[in-house]
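Below is one structure, written out as structure tokens; the observations come after it.
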Amino acid sequence: MFKLIKKLNKKQILYIFICIIFIVGQVYLDLKLPDYMQSITALLQSEVTTLKDILIPGSKMLLCALLSLIGAFITGYFSSLVATSFSRDLRYEIFSKVGLFSNEEMKKFMTSSLITRTTNDVTQVQFFLAMGLQLIIKAPIMAVWAIIKIVNKNFTWSIVTAGAIGVLLIMITILIVFALPKFKIIQKLTDNLNRITRENLIGIRVVRAFNAENYQQEKFDNANNDLTKTQTFVGKLMSIMNPGMNFIMSMLTLTIYFVGAYMINEANMLEKVDLFSNMIVFSSYAMQVVMSFVMLTMIFIIYPRASVSAKRIIEVLDTDETIKDGSILEGKEIGTVEFKNVSFKYPDAEDYMLYNISFKAKKGETIAFIGKTGSGKSTLINLVPRFYDATEGEVLVDGVNVKDYKLEKLYDKLGYIKQKAIMFSGTVKDNLSLGHKDNKKPTDEKIANALKISKSHEFVSKMPNGVNSHVARGGTNVSGGQKQRLSIARAIARDPEILIFDDTFSALDYKTDLALRKEIKNKMSDKTCLIVASRIGTIKDADKIIVLDEGKCVGMGKHEELLKNCKLYKEIALSQLSLKELEHE
């Protein structure tokens, strides 16, 4: 928690100092009230006391109470300001940090867990700060000040107060020991509940298609019950706190009065008035002391969960990214991609996924990758934009190792299109302008050209508002093929040096696939294209085709050469086209 608190900025620290000033004033005013009560009690014992005499200390009591209330309002305002601004900065920092994570870090933290850490965990820290600034500062100041006030009043009453505080601390300790481990479990169970909910929402069509609603409901019910049982257990433990504190405070007051009554009864007439007055004042101060510990108890209630949340947030913020930013801004060449003896294995894996891959794509060339499922095609292509880094060897873009590039400059050179197209909520134009800075937004002409090349203009022009038509989150209001073409248009609109197609054409029919590739070849002949594909028809015109089998390069050349020289390539080709069709090709 304290490691997280260090992230407070100067303005927030200033607000905390303002809170401290008003809290000290508040405590001073609260502790002045018993003094005025003592004066009023003493005045009431005198036969010559008038109403005016009582009104003076009474008015001062009222003024103290009013000023204390104003101080509480100001303290509450600034503590809320600190808590909300800090949580805003914290959410932004977590979001920015997660944006830098590679696939390796994303697998370490589940998506559902990252969502919980960005929302629920930050809220717990925010609530702790808002309450803590008022209670953590006020409680010790009030406790020390009140103890100083009563320390020499009466030894017996002091022992009674110390005993009450001891019982209170024992109760708090027992509750914290049993509750703290449960708070850690609650956050993990919340992650699990979020995961199941997210999976169900994303796969709702599959769930319905397989009549798996009952299975999903049972899974959710089990996770929900586990969370509910744990929260109920913690709730029952914490529910002991409030009645326990009230009981201790009531017993303390009763004991002070009982002891006071005994002492007054044994005292002489002159001492009775002073003892009665001191008993009233002592009981008030004793209540202030106990209230201080009650306030600390409130912190002990919210601190364990906030502490767990803070550790989970720090775990994200302290995670070292495996993909480090380089410093080089420009390459030595233009539009080239080269693999030099590249081998790769996934983190914590024993076996290599790629073995000693070497090739070079020159500017304007089209290099295609084909192979069986699991042969490493997508893995290989993911090394170029550094979703992972090569375990051995070098991946060069424009003659420079990708590890040495400043990531922003590397990504500016690439237009990457995933097999599973992803659309964001907004307009078609917003999606095609994704990632562009305000001063470098693609012009309407560039967007129109990208739509034509990707064969998207036909269906976009039929939308109600054309390029300004709304696209739902995930592109749920367009078909799979339309999403794929829009994602291609988005990459083309970037005007990159290198286009990377990760099995992008799989969602397109053969006619659209052929037309789109012809458009790219004719109108973007200066762009280097890396294509991962499973269809022979998509890659047969490539300048170079690389055949992968279990992570190894087993063939490299043009379509005709590979049909003659590569057994695996011929097998794949014959599985899709007849021998006559291949000979015709």
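Under a 3.5 Å cut-off, the side chain of Ser358 and the backbone N or O of Asn341 do form a donor-acceptor pair. The backbone N or O of Arg485 lies less than 3.5 Å from no partner atom in the side chain of Ser487, so there is not a single donor-acceptor pair. Ser113 places no side-chain N or O within donor-acceptor distance of the main-chain N or O of Asp191, the cut-off being under 3.5 Å. Between the Ser343 side chain and the Asn356 main chain, a donor and an acceptor come within less than 3.5 Å of each other. A donor-acceptor pair under 3.5 Å links the side-chain atoms of Asn431 to the main chain of Thr427, judged by distance alone. Between the side chain of Gln576 and the backbone N or O of Ser534 there is at least one donor-acceptor pair closer than 3.5 Å. A distance-only check finds a donor-acceptor pair linking the side chain of Gln484 to the backbone of Thr504 [under 3.5 Å].
Geometric assessment of Lys182 against the ring of Phe233 yields a positive cation-pi assignment under the 6.0 Å and 45° thresholds.
Considering only heavy atoms from C-beta on, Leu383 comes within 4.5 Å of Val342 through its side chain. Here the side chains of Tyr569 and Ile572 are not in contact, with every heavy-atom distance at 4.5 Å or above. Counting only heavy atoms from C-beta outward, the side chains of Lys345 and Asp351 never approach each other to under 4.5 Å. Within the 4.5 Å cutoff, the side chain of Glu315 has heavy atoms near those of the Arg117 side chain. Two residues are said to be in side-chain contact when any heavy atoms from C-beta on lie closer than 4.5 Å; Thr336 and Thr528 fail this criterion. Within the 4.5 Å cutoff, no side-chain heavy atoms of Met556 are placed close to those of Glu561.
Within the structure, every pair that satisfies the ring-ring contact (aromatic ring centres under 6.0 Å, His included) test and touches residues 389-424, not counting sequence neighbours, is listed here: Phe387-Tyr416. The list of salt bridge (charged side-chain N to carboxylate O under 4.0 Å, His left out) pairs with a residue in residues 374-400, not counting sequence neighbours, reads Arg386-Asp389, Asp398-Lys413. Sorted pairs that involve residues 447-495 and meet ring-ring contact (aromatic ring centres under 6.0 Å, His included), not counting sequence neighbours, are lacking altogether. For residues 493-516, every residue pair satisfying the ring-ring contact (aromatic ring centres under 6.0 Å, His included) rule, not counting sequence neighbours, is listed here: Phe501-Phe505. Residue pairs satisfying the ring-ring contact (aromatic ring centres under 6.0 Å, His included) criterion with at least one member in residues 316-344, sequence neighbours excluded, are listed as follows: Phe339-Phe359, Phe344-Tyr346, Phe344-Tyr388.
Legend: residues meeting salt bridge (Lys or Arg N to Asp or Glu O under 4.0 Å) with Asp226, ordered by chain and number and at least two apart, are absent. When the salt bridge (Lys or Arg N to Asp or Glu O under 4.0 Å) test is applied to Asp444, the partners found at least two apart in sequence or on another chain are Lys429. When the salt bridge (Lys or Arg N to Asp or Glu O under 4.0 Å) test is applied to Lys406, the partners found at least two apart in sequence or on another chain are Asp325. Looking at residues two or more places apart in sequence or on another chain, you find a side-chain hydrogen bond (donor to acceptor under 3.5 Å, both in side chains) between Asn194 and Thr116. Every residue meeting the salt bridge (Lys or Arg N to Asp or Glu O under 4.0 Å) condition with Lys360, not counting sequence neighbours, appears here in chain and number order: Glu333. Residues passing the side-chain hydrogen bond (donor to acceptor under 3.5 Å, both in side chains) test with Ser469: none are found, sequence neighbours excluded.
Side-chain contact of Asp430 with Ser433: a donor-acceptor pair under 3.5 Å is absent, judged by distance alone. Counted by atom type alone, Ser87 and Gln126 present one or more donor-acceptor pairs between their side chains at under 3.5 Å. Of the N and O atoms on the side chains of Gln482 and Ser456, not one donor lies less than 3.5 Å from an acceptor on the other residue. The closest side-chain donor-acceptor pair between Ser85 and Gln12 falls under 3.5 angstrom.
In the displayed structure, Lys229 atom NZ is contacted under 6.0 Å by at most 12 heavy atoms of other residues, nucleotides or ligands. Remark: Glu445 CD is loosely packed, at most 12 non-hydrogen atoms of other residues, nucleotides or ligands lying under 6.0 Å away.
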Considering only distance and modelled atom types, tabulate donor-acceptor pairs under 3.5 Å from the side chains of residues 208-224, sequence neighbours left out.
| from | atom 1 | to | atom 2 | distance (Å) |
| --- | --- | --- | --- | --- |
| Gln216 | NE2 | Asn200 | OD1 | 3.3 |
| Asn222 | ND2 | Glu218 | O | 3.2 |

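Checked against Glu519 for a salt bridge (Lys or Arg N to Asp or Glu O under 4.0 Å), the options Lys521, Arg517, Lys523 give a single hit: Lys523. Paired with His559 under the rule side-chain contact (heavy atoms from CB on, under 4.5 Å), one option of Ile545, Asp541, Ile539 passes, and it is Ile545.
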